[in-house]
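Throughout, numbering of the chain's residues begins at 1 and tracks the sequence. These numbers were taken from a predicted model, which means no experiment stands behind them.
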Amino acid sequence: TALRTVTKLCTSCHGTPFYMAKQIDDDDWEFYFETKDKLQKLHKGNPEGLDAINGPLFKKRKKRLLKFFIDNSKYSGAVNGCDANFCGTVH
């Protein structure tokens, strides 16, 4: 699922999946995911992040991840108290 993938690939740098999704709105998520090499440019100073977004798991689930981020984005109206893996946010 997208939640597990985000948890596995992104949590170490970005915090919990729902917290990460809420940082920007749906238009921004679409922009970052659909603009060629935008995610790579954003992660260029972070080898762990680059490995994650260039890896096969991210590529295979990219559409699902984008849907998760849009469904839980800043103005989505979704209110999530816990993502079933990590309650609270640590940065």
Side-chain angles (χ1 to χ4, degrees):
T1 68
L3 176 65
R4 288 185 188 151
T5 304
V6 173
T7 300
K8 182 175 183 173
L9 298 179
C10 310
T11 296
S12 64
C13 295
H14 293 287
T16 63
F18 291 118
Y19 178 84
M20 181 182 173
K22 289 276 186 228
Q23 296 308 298
I24 57 177
D25 65 25
D26 56 340
D27 290 336
D28 289 335
W29 281 119
E30 284 188 50
F31 173 75
Y32 290 132
F33 270 70
E34 294 178 2
T35 301
K36 183 171 172 40
D37 297 328
K38 188 65 177 176
L39 289 173
Q40 284 77 1
K41 289 177 186 174
L42 289 170
H43 292 86
K44 70 181 178 182
N46 181 341
E48 181 183 351
L50 273 177
D51 286 346
I53 61 175
N54 288 325
L57 183 60
F58 183 88
K59 290 178 180 181
K60 179 181 176 184
R61 298 187 179 158
K62 188 174 179 178
K63 288 182 181 182
R64 286 185 192 176
L65 296 175
L66 177 57
K67 182 178 180 344
F68 171 83
F69 287 130
I70 288 173
D71 288 349
N72 294 283
S73 64
K74 192 172 194 172
Y75 302 117
S76 68
V79 178
N80 301 295
C82 175
D83 62 14
N85 291 310
F86 302 97
C87 290
T89 301
V90 178
H91 296 281

Start with the C-alpha distance between L66 and W29, add both sets of side-chain angles, then the distance that settles side chain to side chain contact (heavy atoms under 4.5 Å, CB included), and finish with yes or no.
-> CA-CA 7 Å; L66 177 57; W29 281 119; 4.0 Å; yes
At their closest point, which heavy atom of [X] faces which heavy atom of [Y], and how far apart are they?
X	Y	answer
K38	F31	CE-CE2, 3.5 Å
N72	A21	O-CB, 3.4 Å
A2	R64	CB-O, 3.6 Å
K22	K74	O-CB, 3.5 Å
E48	C13	OE1-SG, 4.3 Å

Could you state the interatomic distance from [atom1] ([X]) to [atom2] ([Y]), rounded to the nearest 0.5 Å?
X	Y	atom1	atom2	value
K59	I53	NZ	CD1	9.5 Å
L50	K44	CG	NZ	10.5 Å
L65	L3	CG	CG	10.5 Å
T35	K41	OG1	NZ	9.0 Å
S73	F68	OG	CZ	10.5 Å
I24	I70	CD1	CD1	9.5 Å

Pair F69-Y32, side chain to side chain contact (heavy atoms under 4.5 Å, CB included): steps then yes or no = CA-CA 11 Å; F69 287 130; Y32 290 132; over 6 Å; no
Show your reasoning for whether side chain to side chain contact (heavy atoms under 4.5 Å, CB included) applies to F58 and T5.
-> CA-CA 8 Å; F58 183 88; T5 304; 5.9 Å; no
Derivation and outcome, side chain to side chain contact (heavy atoms under 4.5 Å, CB included), residues L57 and K8 = CA-CA 10 Å; L57 183 60; K8 182 175 183 173; 3.9 Å; yes
Between K67 and D71, is a salt bridge (charged side-chain N to carboxylate O under 4.0 Å, His left out) present by the stated rule, with each step listed?
-> CA-CA 6 Å; K67 182 178 180 344; D71 288 349; 2.6 Å; yes
